2 protein chains.
Amino acid sequence: MNIEKVITEKQKRAARYAKAMGHPVRMYVLELLSSQSCCYSGDLTEELPIAKSTLSQHLKELKEAGLIQGEIEAPKIKYCLNRENWKEAQFLFKQFLRI
Amino acid sequence: MNIEKVITEKQKRAARYAKAMGHPVRMYVLELLSSQSCCYSGDLTEELPIAKSTLSQHLKELKEAGLIQGEIEAPKIKYCLNRENWKEAQFLFKQFLRI
DNA sequence: ACCTTTGTTCGTAATTTTACGAACAAAATG
DNA sequence: CATTTTGTTCGTAAAATTACGAACAAAGGT
């Protein structure tokens, strides 16, 4: 009854993405990026009532989960969805939710 | 820049569901329930290599997020998806992921 | 060169999550 | 009525999450 044998890789990947989506601020960022292709974190700092260090942490989590990526456009950083992983997330949730 | 004004209720609901889905064990349970309409937590205890108290905690979280519900069928408890909220989750993720 | 802008990292703190075993509760079964 | 089955709750501990401000780093503008 090894955990590796019971829970599939797909389930783990889906859970990983879900976890990253599991905070209102991160959900906000993802939804923004899925609607407008990219944004600067400065915009987010202005819009969201959280410290920039906190936002930075949330963006880092989204990056580590593979859902977004940042591109330096000095002195700013342009964030976009990571299209490949976004597609995977779409696929996994589609299957999972049967939609 | 009130948090309530920036982040929508939908985003908060979606994040709440995502958070509940954000653990492999809970993902496993949800996927099982979406595939077979119901199960007994005893079955889960046998399948999953975790303490029954831990499983109970995960089921409680899924219940509190509104994704599942338990029905007493003494001495067991039968778990099913909460169809209404599951539909809402489907809807929210469908919108969010654009699928 | 200096200053401003932009964003990360660090240090810290409070809270939440995850996990376990032991104890407990409820109810069926012998 | 004692025992077994089933699952929750409690106590505890370790780790992760969330949040902030201060300090720092990088690079563009003056």
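In what follows, every chain begins at residue 1, and chains take the letters A, B, ... in the order their sequences are listed. Keep in mind that this is a model prediction, so the values were computed, not measured.
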Output one line per pair: protein atom, nucleotide atom from nucleotides 17-23 of chain D, and distance, for all N/O pairs under 3.5 Å.
residue : atom : partner  : partner atom : Å
dT17(D) : OP1  : Lys19(A) : NZ           : 2.5
dT18(D) : OP2  : Arg26(A) : NH1          : 2.9
dT18(D) : OP2  : Arg26(A) : NH2          : 3.4
dT18(D) : OP2  : Glu61(A) : OE2          : 3.3
dA19(D) : OP2  : His23(A) : NE2          : 3.3
dA19(D) : OP2  : His58(A) : NE2          : 2.6
dA19(D) : N7   : Gln57(A) : NE2          : 3.1
dC20(D) : OP2  : Ala51(A) : N            : 3.1
dC20(D) : OP2  : Thr54(A) : OG1          : 3.0
dG21(D) : N7   : Ser53(A) : OG           : 3.1
dG21(D) : O6   : Ser53(A) : OG           : 3.1

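- Inter-axis angle, ends of the helix from dA1(C)-dT30(D) to dG30(C)-dC1(D), five pairs per end, rounded to 10 degrees: 10°.
- In this structure, the NZ atom of Lys63(A) is 7 Å from the P atom of dT9(C), given to the nearest Å.
- Taking atom CD1 of residue Ile68(A) and atom P of nucleotide dT8(C), one finds them 9 Å apart after rounding to whole Å.
- Judged as a side chain to side chain donor-acceptor pair (under 3.5 Å), the pairs with a partner in residues 66-78 of chain B (not counting sequence neighbours) are, in order, Tyr40(B)-Glu73(B).
- By the ring pair (Phe, Tyr, Trp, His ring centres under 6.0 Å) test, Tyr28(A) is found to be paired with no residue, residues two or more places apart in sequence or in another chain being considered.
- Checked against side chain to side chain contact (heavy atoms under 4.5 Å, CB included), Glu84(B) has the following partners two or more places apart in sequence or in another chain: Asn82(B).
- Taking the side chain to side chain contact (heavy atoms under 4.5 Å, CB included) definition, one finds that Ala14(A) meets it with Leu92(A), Met27(B), sequence neighbours left out.
- For the pair Tyr40(A) OH and dT5(C) C1', the interatomic distance rounds to 15 Å; values are reported in whole Å.
- Here the nucleotide nearest the side chain of Tyr79(A), chosen from dT9(C), dG7(C), dT8(D), is dG7(C).
- Residue pairs satisfying the ring pair (Phe, Tyr, Trp, His ring centres under 6.0 Å) criterion with at least one member in residues 57-95 of chain B, sequence neighbours excluded, are listed as follows: Phe93(A)-Phe93(B), Phe96(A)-Trp86(B), His23(B)-His58(B).
- Here dG7(D) is the nucleotide among dG7(D), dT8(D), dT6(D) with the atom lying nearest to any side-chain atom of Ser41(B).
- Atom-to-atom, CZ of Arg16(B) to C1' of dT17(C) comes out at 12 Å; the value is rounded to the nearest Å.
- A salt bridge (charged side-chain N to carboxylate O under 4.0 Å, His left out) check over residues 22-35 of chain A, counting only residues at least two apart or in different chains, returns the pairs Arg26(A)-Glu61(A).
- Atom P of nucleotide dT5(C) and atom CD1 of Ile77(A) are separated by 17 Å, given to the nearest angstrom.
- Scanning both residues, Leu59(A) and Ser41(A), for their nearest heavy atoms gives CD1-CB, 3.7 Å.
- Within the structure, salt bridge (charged side-chain N to carboxylate O under 4.0 Å, His left out) pairs that include any residue of residues 85-99 of chain A comprise Arg13(A)-Glu88(A) (at least two apart or interchain).
- Map Pro75(B) and Lys76(A) each onto its nearest nucleotide of DNA chain C; the residue landing nearer the 5' end is Lys76(A).
- Distance, Lys60(B) NZ to dC10(D) P: 8 Å, rounded to whole Å.
- One atom, CD of Glu64(B), and another, P of dT18(C), lie 12 Å apart when rounded to the nearest Å.
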